[in-house]
Amino acid sequence: MSEIIPRSFYSRRVIEVAPDLVGMWLVRQINESIQRVQIVETEAYEQSEPACHAHRGQTSRNMVMFGCAGYAYVYFVYGMHYCFNIVTDKENTASAVLIRAVAFPDNAHLGAGPAKLCKALSIDKTLNGIDVTNPQGGLWLEVGESPPLTQTTRIGITKGVDLPWRWYWQSHQSVSKTSRQLNNK
DNA sequence: CCGGTGATGCCCT
DNA sequence: GGGCATCACCGGT
């Protein structure tokens, strides 16, 4: 078994943590059942830029982002989907890494999108605010590998579109494909 | 293969 | 009341 990723890993600037999370294992436990998937795509969001939910200040929805690193920020969007983030940096520096895609061992499409992976792993709002450095919460991360990365602009947003804050496992089948991106820029 | 669009509910203005 | 860090489906090519 791999080692669990400690809080110090997440307590750095979000643009350092986001690329480092690609290749790590995400583990979901519900009762006796365990799913282990590998992160293949992430995006960084930080209060200073307009695409971030915390850009206009603290609200009840984004409160977790203002807290300590290593906690889950799960939000509901488009009336039917959840997205899962991990809070980074220090307290009161609102920032988080959006987990955009994960690889399931037997199905390349199951985790190829932020809402799809939440559905496949049964991640919903009840996990908002849990500690992902503690297995007691049923959702944690373990050290994996450092694959070849491609860096591009973020997708699915209308503001802050020029920041190159999306990273994915180069040529991996499970990377989300909503928007076509040119490789190796 | 590709772009357009409807579903659906919560949060913030 | 508008907009949203999405997705699957539809129809034209």
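Predicted model, so just to flag it, every value in this text is computed and none were measured. By convention in this document, chain letters (A, B, ...) are assigned in the order of the sequence lines, proteins followed by strands, and residues within each chain are numbered from 1.
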| query | Does CD in A:Gln173 sit with more than 12 non-hydrogen atoms of other residues, nucleotides or ligands closer than 6.0 Å? | reply | no
| note | Closest to the side chain of A:Lys116, out of C:dA5, B:dA7, C:dA8, is C:dA8
| request: Could you state the atom-to-atom distance from CG of A:Leu163 to C1' of C:dA5 in whole Å? | output: 13 Å
| field | SB check A:Arg13 A:Glu46 (cutoff 4.0 Å) | value | yes
| task | Check whether any side-chain N or O of A:Ser60 sits under 4.0 Å from OP1 or OP2 of B:dC11, and answer yes or no. | result | no
| query | Taking all non-hydrogen atoms of both residues, which atom of A:Ile99 and which atom of A:Thr42 are closest, and how far apart? | reply | CD1-CG2, 4.2 Å
| query | Quick one: which of B:dT13, C:dC7, C:dA5 gets closest to the side chain of A:Asn85? | reply | C:dA5
| said: If a pair means Watson-Crick or G-U wobble with both distances below 3.5 Å, what does DNA chain B look like in dot-bracket form, with | marking bases paired to a different strand? | reply: |||||||.||||.
| request: Mind checking A:Ala115 for me? I need base, sugar-phosphate or nothing, with any heavy atom below 4.0 Å counting as a touch. | output: sugar-phosphate
| What's the closest nucleotide to the A:Lys125 side chain, out of C:dC4, B:dC11, C:dC7? | B:dC11
| Does A:Tyr75 make a side-chain donor-acceptor contact with the base of C:dA5, cut-off 3.5 Å? | yes
| Within this structure, what is the NE2-to-P distance between A:His109 and C:dC9, rounded to whole angstrom? | 13 Å
| task | Using whole Å, report how far CD1 of A:Ile157 lies from C1' of C:dT6. | result | 14 Å
| remark: To the nearest 0.5 Å, atom CD of A:Gln38 lies from atom CH2 of A:Trp25 at 4.0 Å
| said: Measure CZ/A:Arg61 against P/B:dG9 and give the value in whole Å, please. | reply: 16 Å
| said: Against the six-membered ring of A:Phe9, is A:Arg7 placed for a cation-pi contact (under 6.0 Å from the centre, within 45° of the normal)? | reply: no
| request: For residues A:Tyr75 and A:Tyr73, establish whether the separation of their ring centroids is below 6.0 Å. | output: yes
| Length of the CG-C1' vector between A:Asn62 and B:dC12, whole Å | 11 Å
| query | Looking at A:Arg56, does any N or O in its side chain come under 4.0 Å of the phosphate oxygens OP1/OP2 on B:dC11? | reply | no
| query | Quick one: which of B:dC10, C:dA5, C:dT6 gets closest to the side chain of A:Phe76? | reply | B:dC10
| query | OH of A:Tyr73 versus P of C:dA5: gap in Å, rounded? | reply | 9 Å
| request: Could you tell me the separation between the CZ atom of A:Arg166 and the P atom of C:dT6, rounded to a whole number of Å? | output: 11 Å
| With a 4.5 Å heavy-atom cut-off, do A:Thr133 and A:Ile5 have their side chains touching? | no
| field | Residue closer to the 5' end of DNA chain C, A:Lys159 versus A:Gly113 (nearest nucleotide) | value | A:Lys159
| message | Tell me the interatomic distance from A:His53, atom NE2, to C:dA5, atom C1', rounded to whole angstroms. | response | 5 Å
| Which of these nucleotides, C:dC4, B:dC12, B:dA7, is closest to any side-chain atom of A:Thr59? | B:dC12
| message | Would you say CD of A:Glu145 has more than 12 non-hydrogen atoms from neighbouring residues, nucleotides or ligands within 6.0 angstrom? | response | yes
| query | Just wondering, do A:Tyr45 and C:dA5 stack (centres under 5.5 Å, planes under 30°)? | reply | yes
